[in-house]
Asker: 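Have a look at this one.
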Amino acid sequence: MLNRTKSIAAYKEALKYIPGGVNSPVRALKAVGENPLFIERAKGVILTDVDGNDYIDFCLSWGVFILGYAHSAVLRTVNQSIKLGTSYGIPTLQETELARRVNHFIPSMERVRFVNSGTEAVMSAIRLARGYTNRNLIVKFVGCYHGHVDHLLVGAGSGVTTLASALSAGVPDAFVAYTLCLPFNDKKAVDHLFSIHGKEIAAVIVEPVPANMGVVPSQNGFLHYLREVTLAYGALLIFDEVITGFRLTAGGAQQLFNITPDLTTVGKIVGGGFPAAAFGGRADIMQMLAPEGDVYQAGTLSGNPVAMSAGIKTLDLLSQQGVYDALNKKAGRFVEQLRKQLAGKGIVINAVGNMFTLFFTEGEVNNFEDVRQCDTVRFGSFFRYMLAHGVYLSPSQFEACFVSVAHTEKQLDRVASIAGNFNG
Ligand code: HOZ
């Protein structure tokens, strides 16, 4: 057993001042029957907790660290940037530099606005979609999570799944009256809804590879169908690529599936480890944003120069030849190893590129209902077993794990063989 005395003491102290001792619910590790870890430092893919225990990490700050923690080139850039001041609330060259790179990686983001979190990016994209179309209804899919803004906390994945009700307390029914929630991968349900409300729908928002109910790939041209139906009815298609952007391929899921959404949200990787996110899309839509148009959106720390510098360096490193091919190949090999090691143990592994989830079930997992059938108690036992052996997985059945450029083949071999010895 690992000695975690200091983490436990830190948790008790945090509970005195911070609700649940954490600043984001999933970190409390309640879903897996553990106490939270308190981290002292991280380098590459190794997390070190306050007790000095090392863990090979597959959560990587929820997908942020595709290059691994504390990448020396990113740190150098950040250090230089900090010396020049950390925020001005006045434009900087770095904002345009990063926007140019975002547009280069994801050409559908013709204009880009930077914000501080994925939630903020999505919230702003939706307001813009409503302003542009002059319609109110938004369609989302059960199990997809788009941040904690009131009107999107319906049928949401990630930490919301641990609540007793499908809706967070504190969200008035009236706030979600314009949000329509459909099962993922269900073309018929989309078709039916559009046949009734098509002309009132401002936008369909989707995680093109849902990761917040665990990784659940789309099927039978579902995403292409969403593109067709939104075009037919004059609704916008919003890809929430907060997780998949700059991760699955340079151009995110939209490049992988060859679909051009009207608006895209990105986060996590784009800030290089700092709080930054962005939304962007067709120039004619983005021009509706203040100060050019009448859709208001603002933020004191938006486009923060330190975060922009970290994002610029991260995207530059990711633009080197062959990075994504090598990463996805390495991840594919690892997932195959895991599948072999865990065969016959009632575990199904869904994976897309370098994202994967181990589902504790015998059947296929194609939507949230399938995820709901999984044995979350066994998932918890597996999480705790891996943790005790120095491996940190994303701590819920309803989340994705990530392979990074910094994971070595040796580490991955070791993790696969540890997993293979799980007998719970
Ligand atoms: N929303 C994140 C999981 N999909 C959790 C973020 C965190 O706890 O840091």
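Both counts, for ligands and for their atoms, begin at 1 and track the order of listing. When reading the values below, keep in mind they use all heavy atoms of this one structure, side chains included, and skip hydrogens, waters and symmetry mates.
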Asker: Contact residues of ligand 1 with a heavy-atom cut-off of under 4.0 Å?
Answerer: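 Ligand 1 pocket, heavy atoms under 4.0 Å: S24, R27, W62, Y145, S158, N212, E399.
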Asker: What's the separation between atom OG1 in T249 and atom CD in Q255, rounded to the nearest 0.5 Å?
Answerer: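 CD of Q255 is found 3.5 Å from OG1 of T249.
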Asker: Report the residues that fulfil side chain to side chain donor-acceptor pair (under 3.5 Å) with T48, sequence neighbours left out, ordered by chain and then residue number.
Answerer: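 Only D54 meet the side chain to side chain donor-acceptor pair (under 3.5 Å) criterion with T48.
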Asker: Counting distance only, does the side-chain N/O of T86 pair as donor-acceptor with the main-chain N or O of I82 below 3.5 Å?
Answerer: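 Absent.
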Asker: Between F356 and F334, is the ring centre distance below 6.0 Å?
Answerer: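 Aromatic pair counts; centres sit under 6.0 Å.
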Asker: Please list, chain by chain and in numerical order, all residues satisfying side chain to side chain donor-acceptor pair (under 3.5 Å) with Q219, sequence neighbours excluded.
Answerer: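 If we apply the side chain to side chain donor-acceptor pair (under 3.5 Å) test to Q219, skipping adjacent residues, the hits are N366.
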Asker: In chain order, what residues pass the side chain to side chain donor-acceptor pair (under 3.5 Å) check against R227, with sequence neighbours excluded?
Answerer: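 Partners of R227 by the side chain to side chain donor-acceptor pair (under 3.5 Å) criterion, ordered by chain and then number, come out as T230, D262.
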